[in-house]
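The structure appears right after this line, and notes come after that.
We're numbering straight along the sequence, starting at 1. Everything numeric in this text was worked out from a predicted model, so none of it was measured.
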Amino acid sequence: MPIYEYRCPDCGFQKEHLQKMSDDPLSTCPSCGAANYAKLLSAAGFQLKGSGWYATDFKSGSTSSSTSSGTGSSAPAAHSCSGGGCGCH
């Protein structure tokens, strides 16, 4: 279940609430009772753990049928990240 952050513009009370995605947004401030308790836009809080996914994952030992046709070049095509830190290499 996601954690949503709410804030009351009247009294400044701010709190995180654990809610289902299907739940209706909260509208009443638990501190002052005002009816304009608003959900804040905040960054997603998640972590990627593990070794990740790589181009070699789940590939078979045979060559792919999508090799270059007729160019005679066996060098791979340049990647858009130029081998940078995107994690795709």
(request) Decide yes or no for Phe13 and Cys32: does some side-chain heavy atom of the first lie under 4.5 Å from some side-chain heavy atom of the second? (result) no
(request) Search all heavy atoms of Pro2 against all heavy atoms of Met21 and return the closest pair with its distance. (result) CG-CG, 3.5 Å
(message) According to side-chain hydrogen bond (donor to acceptor under 3.5 Å, both in side chains), does anything in residues 21-34 pair up with another residue at least two apart or in another chain? List the pairs.
(response) none
(request) Under 4.5 Å between side-chain heavy atoms, chaining through other members, with only Ile, Leu, Val, Met, Phe, Trp and Tyr counted: pull out the rest of the cluster around Leu40, sorted by chain and number. (result) none
(message) Out of the candidates Gln19, Lys15, Glu16, only one should pair with Tyr6 under the side chain to side chain contact (heavy atoms under 4.5 Å, CB included) rule; please name it.
(response) Gln19
(request) Check ring-ring contact (aromatic ring centres under 6.0 Å, His included) between Tyr4 and all other residues, then give those that pass, not counting sequence neighbours. (result) none
(message) Could you check whether atom NZ of Lys39 has more than 12 heavy atoms from other residues, nucleotides or ligands sitting under 6.0 Å from it?
(response) yes
(message) For Gln14, give me all partners under side chain to side chain donor-acceptor pair (under 3.5 Å), at least two apart in sequence or on another chain.
(response) Glu5
